[in-house]
There are 2 protein chains.
Amino acid sequence: MIQSIDRAMLIIEVMSDSQKDKWLPAELAEETGLPISTVYRLLQSLELHNLVSQIEHTKQYELGYKWVELGLKKYEKLDIRQVARPILEKLANDVEETVYLNTPNDDVSIIIERIDSPRNVRIIDSIGERIPMNIGAANKTMLAYSPPHNTDALLQRLIPEEAEREQFKQQLRSVKRKGFAISRGEKTEGTLAVGAPIFDFEGTVLGAISIEALAMQTTEEQLDYFIEKVTEAAEEISSAMGQVK
Amino acid sequence: MIQSIDRAMLIIEVMSDSQKDKWLPAELAEETGLPISTVYRLLQSLELHNLVSQIEHTKQYELGYKWVELGLKKYEKLDIRQVARPILEKLANDVEETVYLNTPNDDVSIIIERIDSPRNVRIIDSIGERIPMNIGAANKTMLAYSPPHNTDALLQRLIPEEAEREQFKQQLRSVKRKGFAISRGEKTEGTLAVGAPIFDFEGTVLGAISIEALAMQTTEEQLDYFIEKVTEAAEEISSAMGQVK
DNA sequence: ATTAAAATTCCGTATTGTGGAATTTATTCT
DNA sequence: AGAATAAATTCCACAATACGGAATTTTAAT
């Protein structure tokens with residue numbers, strides 16, 4: 001669109017791709033196919049804004065600190081709740097059930113968002129509530145994708161009985177294979193929940209979302225629909241949070 | 001230098017400053033003083049490179065994900081951070097408190113690393129956070145060792161009141177004599193921090209590290225211990241940085 | 001439906017960015 | 001050492017590019 005911006009970004013992309021992180025103007029000209037005088041002009045302009053910086057004594061250029069400054073700033077604002085809310089609203093509307101967003105916190109997870117469906121106004125759990133990490137569909141998906149040493153220590157505390165703990169781990173492996181979890185009556189008698197995990201750009205678990213419904217009123221077809229929708233929404237949130245695809 | 005790059009960055013800077021993080025083209029035109037058609041053209045070009053992105057349904061623009069992508073890439077390669085991390089980990093372990101690494105960036109410093117102590121898991125400040133240069137122990141040590149003309153201009157902006165500013169300069173001279181700084185409740189009520197500067201081989205300030213602890217729980221002996229450890233660690237990082245070319 | 005205001009696009013023009021060539025600086029050879 | 005060669009950097013006349021006022025389209029209000 002604007003040639004100089006396109007070309008400037010071409011230089012930036014070349015600098016950021018590949019292992020090499022220090023470039024001479026001539027090397028950049030070679031790599032981008034731009035006339036060398038053009039490369040000089042662009043580099044000078046980019047340097048003015050700290051988008052690239054020159055290493056005094058080798059004359060080489062590298063990416064500037066502005067990327068870190070603005071990158072970290074933007075990263076801070078990737079607030080999972082803000083990102084998730086519109087997606088959860090759509091989800092609640094689609095499935096006509098209450099949906100939750102949880103984040104892990106030591107041995108419990110905390111409900112940080114709840115969207116009530118327009119139809120079913122049965123409020124069971126409220127924002128801020130803490131649920132042991134081994135209870136409920138959402139929490140299980142988080143555990144299933146957490147680093148093993150964390151999970152092990154945590155389960156040691158929450159499930160002291162060895163055989164029971166092993167059985168639980170078996171469940172987690174199954175959850176990890178499938179990518180979602182279903183729980184029945186774990187947190188609240190007579191309800192079921194379908195949960196799916198949310199990841200950040202590194203693949204670290206940031207939280208999980210879940211749909212909660214009355215078991216009696218949920219058919220198999222609906223359950224399948226819930227699974228489809230909740231995994232879809234979770235993936236959408238992850239990708240909005242900056243997961244690399 | 002290159003007008004379109006300057007103007008594009010003007011828009012980016014406006015978007016990244018201030019709390020507001022979603023902007024309509026007209027608002028950006030108002031704020032930057034650029035003709036509105038120019039703002040449109042620039043935004044379209046920036047969007048092409050993911051430097052800004054448009055929120056579909058509000059038509060507003062925000063910073064794009066490219067900043068996070070390249071910012072984190074560059075951040076991973078920051079020499080000072082690589083060098084400092086093992087030393088900070090040892091420090092956090094020795095003093096059993098959370099330790100920070102900051103680098104100066106115009107009128108603020110940015111937290112680029114935080115190591116939580118195994119014992120005290122009170123997380124107060126997070127990576128990427130920006131703190132005015134006149135606040136906190138770490139920042140004061142950086143100012144104390146910065147070139148006077150930089151410091152003067154900066155303080156003029158941050159502390160408009162003359163007498164107050166002179167008093168602050170007095171503090172900086174004291175910090176420079178001692179080689180470390182102590183702050184009490186400046187950034188966070190009820191905490192204290194001990195900071196020490198990091199230099200490159202030429203003696204230029206690259207950043208500062210600090211230990212943060214709850215004021216109530218810190219005895220005089222512990223404070224002395226913190227001072228000893230933080231200056232020791234800072235010197236170790238400085239000398240390690242001198243060997244990186 | 002009508003009008004007004006705001007958002008977005010268009011397009012003739014002047015300004016800006018362009019890039020080949022000249023100049024300066026660094027390196028190698030005699 | 002100086003000359004020759006190569007690489008890095010700057011210059012500047014020119015035309016392609018980005019410019020921005022005005023026209024058009026969309027949205028909101030009445």
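Below, each value reflects all heavy atoms present in this structure, side chains not excepted, and no hydrogens, waters or symmetry copies.
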N/O (side chain, A/Thr38) to phosphate O (OP1/OP2, C/dT18) under 4.0 Å: no
First of B/Ile36 and A/Ala26 reached from the 5' end of DNA chain D, by closest nucleotide: A/Ala26
Decide yes or no for A/Leu101 and A/Ile237: does some side-chain heavy atom of the first lie under 4.5 Å from some side-chain heavy atom of the second? no
Could you tell me if the side chain of A/Glu113 sits less than 4.5 Å from the side chain of A/Arg85, heavy atoms only? yes
Measuring to OP1 and OP2 of D/dG20, would you say a side-chain N or O of B/Arg41 lies under 4.0 angstrom away? no
Quickly work out the B/Ile5 CD1 to D/dT17 P distance and round it to whole Å. 15 Å
Using atom OH of A/Tyr40 as one end and atom P of C/dT23 as the other, report the distance to the nearest whole Å. 18 Å
Residues in side-chain contact (heavy atoms from CB on, under 4.5 Å) contact with A/Glu30, at least two apart in sequence or another chain: none
Could you tell me how far apart A/Glu47 (CD) and D/dT9 (C1') are, to the nearest whole angstrom? 14 Å
To the nearest 10 degrees, how far apart in direction are the end axes of the helix from C/dA1-D/dT30 to C/dT30-D/dA1, each fit to five base pairs? 40°
If you count every heavy atom of other residues, nucleotides or ligands that lies below 6.0 Å from B/Glu189 atom CD, does the total exceed 12? no
A/Gln3 vs D/dA16: side-chain N/O to OP1/OP2 distance below 4.0 Å: no
Between P of C/dA7 and CG of B/Leu43, the distance in whole Å: 13 Å
Counting any heavy atom closer than 4.0 Å, what does B/Gln44 reach on the DNA or RNA strands: base, sugar-phosphate only, or nothing? sugar-phosphate
Between C1' on C/dT15 and CG on B/Asp6, what's the gap in Å once rounded to a whole number? 15 Å
Between A/Tyr145 and A/Gly179, what is the shortest heavy-atom contact and its length? OH-CA, 3.3 Å
Would you say A/Arg7 reaches D/dA18's phosphate, i.e. side-chain N/O to OP1/OP2 under 4.0 Å? no
Please report the distance, rounded to the nearest Å, between CG in B/Leu24 and P in D/dA28. 12 Å
Which part of the nucleic acid does A/Ser4 contact within heavy-atom distance under 4.0 Å: base, sugar-phosphate only, or nothing? sugar-phosphate
Once you round it to whole Å, what is the distance between C1' of C/dG17 and CD1 of A/Ile11? 13 Å
Would you kindly give the OH-to-C1' distance between B/Tyr61 and C/dT8, to the nearest whole Å? 10 Å
State, without any angle test, whether B/Gln44 and B/Arg41 hold a side-chain donor-acceptor pair at a distance under 3.5 Å. no
Side chain of A/Lys59, heavy atoms from C-beta onward: which of C/dT18, D/dT9, C/dC10 has the nearest atom to it? D/dT9
